[in-house]
Amino acid sequence: MEWADELAARVSGPQVVNDSKTPSGTVNVGSLRGPVILDVITRALRASGHETTLLYGVDDLDAMDAQALLTPDAVERYMGVPLAHIPDQIEDGHASYARHHAQTFIDLFADLGIHPSRYYWMSDIYNTGDMDPYIQQALDRAHVVRDLYRRVSNVQHPDTWHPVLVICETCGRVGTTIVTKWDGDRVYYECRKDLVQWAHGCGTSGWVAPFGGRAKLPWNLEWAAQWSLFGVTIEPCGKDLATAGGSRDRSDAIAREVFEREPPINVPYEFLNIGGRKMSTSKGRGAAAHRIVEAIPPEQLRTLFIRPRPNHAIEFDPEGTDAIPRLFDEFDRLADATAGRPVKGELPPGSASIFRYALLDPAADIEAEATAFRPSFAHLAFLVQVPGADIPALMAAEKGSPLTLRERAVLDERLAAARAWLAAYAPDRARMSVHEALPDEARTLDLDQRSFLAALVAAAGGAGQPSGGDDWQATIFSTAAGVGLPPGRAFAALYLAFLGRPNGPRAGWLLASLDRGFVAARLREAAAADATMSPAGGGA
RNA sequence: GGGCCCGUAGCUCAAUGGCAGAGCAGCUGACUCUUAAUCAGCGGGUUGAAGGUUCAAGUCCUUCCGGGCUCACCA
């Protein structure tokens, strides 16, 4: 975690931190690693006294090149068209396909404590003409760009190729056009049928002035131009771009040789893997970012991204595992350590700053946050399944005093997350349900346990029948004592009879929540269940 | 084919070149009202493999094996 502080110590003067994203579709959780890293760097810079601007851009003039999210009839019409010019496929009020997906993603930022100083949309930037000087310069130095592509990336463009993409005046596509001439004012372009495989141009050709939003720079030049336009000093990027001879290398070279400026400091970061493989929404691996945040509150999600070094891939598999509960446990351990409470085991390196940077509010009172009462997530996931449990009261009892407003908010946040986790991710062993019929496992009950169940039917019937959870709980204990059965085995008998497992939620409240006749019938049934089997041998 | 990252306990990860460790999971035990909580204890390893440097290698060098990502078309 020291990486951010070390970076902050290395630079001098005001800083501009930038990142941008192409809104080509639904975004998965892994994509949030970039913004979180960005935010942590910004906080580290500000904490060490650097005046810092955080920019976040949307590359919405990029061509649509993924047809997965288009309706079949829209594919032919919109492939190759700038994302900003495609109608929203989901009619929920967004102006375009790009706005829809970018906004869905950006809306998560504030919830995650990420507050860029400014968002910019490249379609707007081009329209204002701010990019025109860079387009001009790129065209004037087209030969430099061609040479550099050949040298840095071994990409061989024809000698007539020019680094600008015109938006076709006829069909509106940008992914299918190629510029072959530049006279200093206008370019000659062709919208070709077979320039790329994934989209088909309309055949238009002609001269056009490539300014004011009528054309855009290819990605690598656009990136470098952003650095110059905004004065970017630090820009992290995913390792897909950071590879040798890859996108970042090209853009770095373009910045130096075309726009004559040193590229920003790079902080390459690894991805978030699911089951050892890259998370990919289109391949059905991993959850969409805006879905998984329902089960992982902001501070825990920040912890997930901040804990490892940026160049370490994160292994995270929330499906059917306890990965999410463990994330909460880890956060709580960091809080304990920060508050000076005893912590089991050793702490991860840089644990103090992990907690600090995981907090939502950079100006938060760290001491207060660390000492606040936080209920165990696993315990809550269990309690929300207990019928009728008064969880706030239970938590106040556990804490030993009433919850503060902040603690109550944490509790509510965790309860919501626990419900979302149980609904979408939890392994079956974390869920429980009352079986409709006597579970097979109830056949492993021994004679003492059956006697107990029979005695419980008797104790719970008639005039003195239990009226609530407390009452049932007391009855269970007294009945168990009456037949000389240790409470642990008595509870196990009840769980086996109703849930088919040897443990479960507080039995008194469970029974109180069920139909009285059903409870009595089940108890009798379990008490009478096949006794021909050896009590010791179980059910071989 | 080129590049980058990774490989340590069942899982997730630590270990300025100095006795291989934690959390979780697992197992055992304790608990008459938190009973999937809590507490106590236990087991768990040829650090992917082979060489080399060193008094000393999980760590540095070389080679190999395995996994992943990525570039070479576009962004």
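Chain letters run A, B, ... following the sequence lines, proteins first, then strands; residues in each count from 1. Note that the structure is a prediction, hence the values are computed from the model and not measured.
Of all nucleotides listed (B:rA37, B:rG23, B:rA75), B:rA75 comes nearest to the side chain of A:L165. Closest to the A:L241 side chain, of the nucleotides B:rA75, B:rA14, B:rC33, is B:rA75. Checking B:rA75, B:rA14, B:rC33 against the side-chain heavy atoms of A:T22 singles out B:rA75 as nearest. Out of B:rC6, B:rU35, B:rA75, the shortest distance to the side chain of A:F477 is found at B:rU35. Counting only heavy atoms from C-beta on, A:R326 has its side chain closest to B:rC24 among B:rA14, B:rC71, B:rC24. For A:Q473, taking side-chain heavy atoms from C-beta onward, the closest of the listed nucleotides B:rA75, B:rC33, B:rC24 is B:rC33. Residue A:V155 has its side chain nearest to B:rA72 when only B:rC6, B:rC33, B:rA72 are considered.
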| task | Dump the intermediate steps for salt bridge (Lys or Arg N to Asp or Glu O under 4.0 Å) on A:D62 and A:K21, then the final yes or no. | result | CA-CA 10 Å; A:D62 291 355; A:K21 179 153 186 63; over 6 Å; no
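Comparing B:rG23 with B:rA14, their C1' atoms sit 10 Å apart, to the nearest whole Å. Remark: the separation of the P atoms in B:rC42 and B:rG52 is 39 Å, to the nearest Å. Comparing B:rC13 with B:rC19, their P atoms sit 24 Å apart, to the nearest whole Å. Separation of the C1' atoms belonging to B:rU16 and B:rC11 is 29 Å when rounded to the nearest angstrom. Atom name P, nucleotides B:rC24 and B:rA40: the rounded distance is 11 Å, in whole Å. Here, B:rU54 and B:rU70 have their P atoms 42 Å apart, quoted to the whole Å. Rounded to the nearest Å, the gap between the C1' atom of B:rC60 and that of B:rU47 is 16 Å. B:rA20 sits 28 Å from B:rA25 when the P atoms are compared, rounded to a whole Å.
Cation-pi contact between A:R250 and A:Y149: present, with separation from the ring centre below 6.0 Å and deviation from the ring axis of at most 45°.
To the nearest angstrom, C1' of B:rA72 lies 15 Å from CZ of A:R150. With rounding to whole Å, A:R307 atom CZ is found 9 Å from B:rA14 atom P. Rounded to whole Å, atom C1' of B:rC73 lies 16 Å from atom CH2 of A:W219. Note: CZ (A:R151) to P (B:rC71) measures 21 Å, nearest angstrom. For A:F377 and B:rC24, the CZ to C1' distance is 15 Å, given to the nearest whole Å. Rounded to a whole Å, the CZ atom of A:R173 is 16 Å from the P atom of B:rA75. Rounded to an integer number of Å, the gap from CG of A:L334 to C1' of B:rA22 is 13 Å. Atom-to-atom, CD of A:E315 to P of B:rC11 comes out at 11 Å; the value is rounded to the nearest Å.
A salt bridge is defined here as a Lys NZ or Arg NE, NH1 or NH2 lying under 4.0 Å from an Asp or Glu carboxylate O, and A:R248 with A:D252 meets this definition.
The CH2 atom of A:W121 sits 11.0 Å away from atom CG of A:L83, with the distance rounded to the nearest 0.5 Å. Atoms CG and CG, from A:L494 and A:L453 in turn, are 6.0 Å apart once rounded to the nearest 0.5 Å.
A:P218 comes within contact range of the sugar-phosphate backbone alone, with a heavy-atom separation under 4.0 Å but no base atom that close. As judged by a 4.0 angstrom heavy-atom cut-off over every strand, A:S247 is placed among the base-contacting residues.
Applying ring-ring contact (aromatic ring centres under 6.0 Å, His included) to A:F331 and the options A:F355, A:Y357, A:F377 leaves one that passes, A:F355.
The heavy-atom pair separating A:V81 from A:R77 by the smallest distance is CG2-O, 3.7 Å.
A:R309 has no side-chain polar atom (N or O) that falls below the 4.0 Å cut-off from OP1 or OP2 of B:rC6.
Mapping A:R333 and A:A430 onto RNA chain B by nearest heavy atom places A:R333 at the nucleotide closer to the 5' end. With RNA chain B read from its 5' end, the first of the two nearest nucleotides for A:D322 and A:A474 is the one closest to A:D322.
With sequence neighbours excluded, no residue satisfies ring pair (Phe, Tyr, Trp, His ring centres under 6.0 Å) with A:H312.
Per the stacking criterion (ring centres < 5.5 Å, plane angle < 30°), A:W198 does not stack onto the base of B:rC74.
Taking the six-membered ring where the residue is Trp, A:F382 and A:H379 present parallel rings, their angle staying beneath 30° rather than reaching 60°.
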| query | If pairs are Watson-Crick or G-U with both distances under 3.5 Å, what is the dot-bracket string of RNA chain B, marking crossing pairs with [ ] and pairs to another strand with |? | reply | (((((((..((((....[..)))).(((((.......))))).....(((((..]....))))))))))))....
